[in-house]
There are 2 protein chains.
Amino acid sequence: MDPSRHADALRAAQMYYLQDLTMDAIARELRTSRSTVSRLLSSARDSGLVQVQIRNPLDTAPELEGLIRRRYGVDVHVVPVVETLNEAETLDRVAMQAARTFGPLVDSNAIIGVAWGSTLSAVSRHLTRKITHDSVIVQLNGAGNMHTTGITYASDIMRRFGSAYGARVEQFPVPAFFDHAATKTAMWNERSVQRILELQAKMSIAIFGVGSVDADYPSHVYAGGYLDENDLKILAGSDVVGDVATVFFRSDGSSDGIVLNERSTGPALSELRQVRRRICVVSGVSKINGLKGALAAGLATDLILDEATARRLVDLEGMATSSR
Amino acid sequence: MDPSRHADALRAAQMYYLQDLTMDAIARELRTSRSTVSRLLSSARDSGLVQVQIRNPLDTAPELEGLIRRRYGVDVHVVPVVETLNEAETLDRVAMQAARTFGPLVDSNAIIGVAWGSTLSAVSRHLTRKITHDSVIVQLNGAGNMHTTGITYASDIMRRFGSAYGARVEQFPVPAFFDHAATKTAMWNERSVQRILELQAKMSIAIFGVGSVDADYPSHVYAGGYLDENDLKILAGSDVVGDVATVFFRSDGSSDGIVLNERSTGPALSELRQVRRRICVVSGVSKINGLKGALAAGLATDLILDEATARRLVDLEGMATSSR
DNA sequence: CTCCGTTCTGCACGTTTGTGCATAGTGCTT
DNA sequence: AAGCACTATGCACAAACGTGCAGAACGGAG
């Protein structure tokens, strides 16, 4: 963009947001029209110059948030949505709020791990720009399958993240699942793969949704042709409730002995837990069982979810809790 | 405030600022009128729930800011104001932007030192609320003089800071200057005074303006009856250019041998320099000489000033300095 | 220099938002 | 229970704002 235009946008933003002048007054000071100021301000907003944050002190948080925070030890953001909205609209609004909530966390020199799926796809469409330096977006797990490369879908997500934050994008060009564990072992020794794995090991932020085996309409992982019938049968027989980045777990958060994980390409749960900020985005009550498993596994430090799911999360919980 | 109203304000703010709904749409979801939503949002704004920040990456900063930042090693915020504005209007806008700029820096458990004067008074009128815990506002220097207690003026400033941040206010009930250095020594051994001094020693943020001896209309310090003719004569004879919190310095930033400082109640420059964040607010080109001295003394880590003064600061600079 | 495609600008209009005012509600006092 | 003081609400109007459109300005290419 024209640099003098950027300077004007900055001045306008300062005058509008910090000095409470009207656009009209700003237009006079900048010797231009009010409509130009309006446009300058919107360019300031979506170039990340202006950042709006909602910061609610913990002790005045709605009790729903307080309950989840205390029970699961995660930093939670409940997205207010009315019940009457359909799944797609809810997802869209959760995604928009999620994008804006973690936007401020992104900083220069960050290494950001990003999963893929319908949730992340929605999130990626609502990112607000923010200029950073030397940041890297790294793909958490492979996206190919036996029918399509799957690359375009996942890579669109990655590309959007990259351009929003001015970051380098590192794709992970492997299938979502290997057919044979031995192939994975072999590939994991390839230097091209190791470069990605090393980046993943240094992630400062990871962003992912959850898959839930019994979701109303199941995640890509279960329906997208990534797994064959035999695989699904194995899953069903091992108490698996869901996955994060194609790594499966049970409702108690355990993942040992799930053979499919030996062929999947996402980071092991223990590796994921090493990441400082782990942001989980969930929309839709039908993901509740997967979500519970993920929380039991301690996979998230930050949880962004819609109100209905949040409510279900505390209501359906069996154990006796503090009332109010 | 009514807690359910606070909850509504939070919901409304999330929907408005994070989901881009119109107030109309929010009103329908909250089953209330649009005007109520408008009011909820403004209460969310000025209760500090919504925070707007302008974050400009250093490498796209206007060159004026870059120059000052590099030359003086301070984090600088230039407030855009047109030349045609009078002093009072300029001060008002600088103060408003200053208040909103350092608002985000204030946090729980902070100990905030605040000076007094016309600049700080203006700033205090524009603070945006922010709820913190166990924060303390501590007065940097005494405010009494031989004519009035001066307390109401300074204490108004303190009170506004305290209520904006929900912080305890610790006044410093001593005159601005003692008549005799010996009295100061004696008072400094009083436990009531020591309590304040100890707080000052633990400050995490200090906020102050600068006085300039040759300002068009001089600061309260020089004109408010705090100093008698003899004092002013001494000042004139010792190359003093300005003061911060009633402690004087020369244009090279030195303050040794200025006898008046032995009777003044503000923190010694060396003590002030211990504070992590030291925010200096300046409005009006006539303060330029005082400001230069303060910068030479390395008193500020953050500088907020109007555009005209900023420009003067880089233009008039004769020497090739890089002091700190 | 002229042409053409692109970007920027201001206008005009419709939409969205802020606010004074009258009314309804709420809680406290007696 | 009634009265009173204070606050919250919705209405209606005015102010502020966003945006499609047509023309102006700009920036190469020939």
Side-chain angles (χ1 to χ4, degrees), chain A residues 1-54 60 62 80 82 89 92-93 96-97 100 125-126 128-129 163, chain B residues 1-54 60 62 80-82 89 92-93 96-97 100 125-126 128-129 131 163:
Chain A
M1 190 205 307
D2 181 2
S4 93
R5 195 178 159 79
H6 179 90
D8 277 353
L10 175 61
R11 284 178 75 95
Q14 291 182 107
M15 295 196 262
Y16 190 79
Y17 289 104
L18 282 335
Q19 296 178 23
D20 279 354
L21 302 188
T22 70
M23 294 186 183
D24 222 357
I26 297 170
R28 283 194 297 274
E29 300 208 356
L30 295 185
R31 291 173 211 296
T32 179
S33 72
R34 193 185 52 70
S35 19
T36 296
V37 175
S38 170
R39 284 186 267 253
L40 282 176
L41 287 174
S42 59
S43 95
R45 276 190 298 270
D46 50 42
S47 71
L49 234 168
V50 176
Q51 280 198 324
V52 178
Q53 274 183 72
I54 309 276
T60 67
V82 281
E89 289 170 317
D92 209 53
R93 287 169 58 167
M96 190 181 303
Q97 184 159 338
R100 298 189 184 185
R125 265 188 289 273
H126 292 293
T128 50
R129 292 177 61 79
S163 77
Chain B
M1 190 206 307
D2 181 1
S4 91
R5 193 178 160 79
H6 178 89
D8 277 353
L10 175 61
R11 285 178 74 95
Q14 292 181 108
M15 295 196 260
Y16 190 79
Y17 289 104
L18 303 182
Q19 297 179 21
D20 279 353
L21 302 188
T22 71
M23 296 187 181
D24 223 357
I26 297 170
R28 282 194 296 275
E29 299 207 358
L30 296 184
R31 293 173 210 295
T32 180
S33 73
R34 195 188 50 71
S35 18
T36 297
V37 174
S38 170
R39 283 186 267 252
L40 281 176
L41 286 174
S42 62
S43 95
R45 276 190 299 269
D46 49 44
S47 72
L49 233 168
V50 176
Q51 281 198 325
V52 178
Q53 275 184 70
I54 310 275
T60 67
V81 283
V82 281
E89 289 168 318
D92 209 53
R93 287 170 56 169
M96 190 180 303
Q97 184 160 338
R100 298 188 184 186
R125 266 188 288 273
H126 293 293
T128 50
R129 293 176 62 80
I131 296 159
S163 77

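Throughout, protein chains are lettered first and strands after them, A, B, ... in sequence-line order, and every chain is numbered starting at 1.
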Using a 4.0 Å heavy-atom cut-off across all strands, classify [X] as base, sugar-phosphate, or nothing.
X	value
S38(B)	base
S35(A)	base
R31(B)	nothing
T32(A)	sugar-phosphate
T36(B)	sugar-phosphate

- request: Check whether any side-chain N or O of R45(A) sits under 4.0 Å from OP1 or OP2 of dC17(D), and answer yes or no.
  value: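 R45(A) to dC17(D) OP1/OP2: no side-chain N or O under 4.0 Å.
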query: Does a nitrogen or oxygen in the side chain of Y16(A) sit under 4.0 Å from OP1 or OP2 of dA16(D)?
result: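 The answer is no; no side-chain N or O of Y16(A) sits under 4.0 Å from OP1 or OP2.
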Atom [atom1] of [X] to atom [atom2] of [N]: distance rounded to whole Å?
X	N	atom1	atom2	value
Y17(A)	dC17(D)	OH	P	10 Å
D24(B)	dA12(D)	CG	C1'	15 Å
H6(A)	dC8(C)	NE2	P	15 Å
R39(B)	dT7(D)	CZ	C1'	11 Å
R28(B)	dG10(D)	CZ	P	14 Å
M15(B)	dT16(C)	CE	P	17 Å

message: Under 3.5 Å, is there a donor on one side chain and an acceptor on the other for Q14(A) and Q19(A)?
response: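 No pair is found: no donor N or O on one side chain lies under 3.5 Å from an acceptor on the other.
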- request: Determine the minimum heavy-atom distance between A25(A) and L21(A), stating which atoms define it.
  value: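 Residues A25(A) and L21(A), closest heavy atoms: CB-CB, 4.3 Å.
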message: Given dT17(C), dG18(D), dG10(C), identify the nucleotide with an atom nearest to the side chain of M23(A).
response: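 Side chain of M23(A) sits closest to dG18(D).
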- prompt: Given dG10(D), dT17(C), dG18(D), which nucleotide is nearest the side-chain atoms of T22(B)?
  reply: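 Selected nucleotide: dT17(C).
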Non-neighbouring partners of R34(B) that pass salt bridge (Lys or Arg N to Asp or Glu O under 4.0 Å), sequence neighbours left out: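 Here no residue qualifies.
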query: Is a salt bridge present between R100(A) and D20(B), judged by a nitrogen-to-oxygen distance below 4.0 Å?
result: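 Salt bridge: yes.
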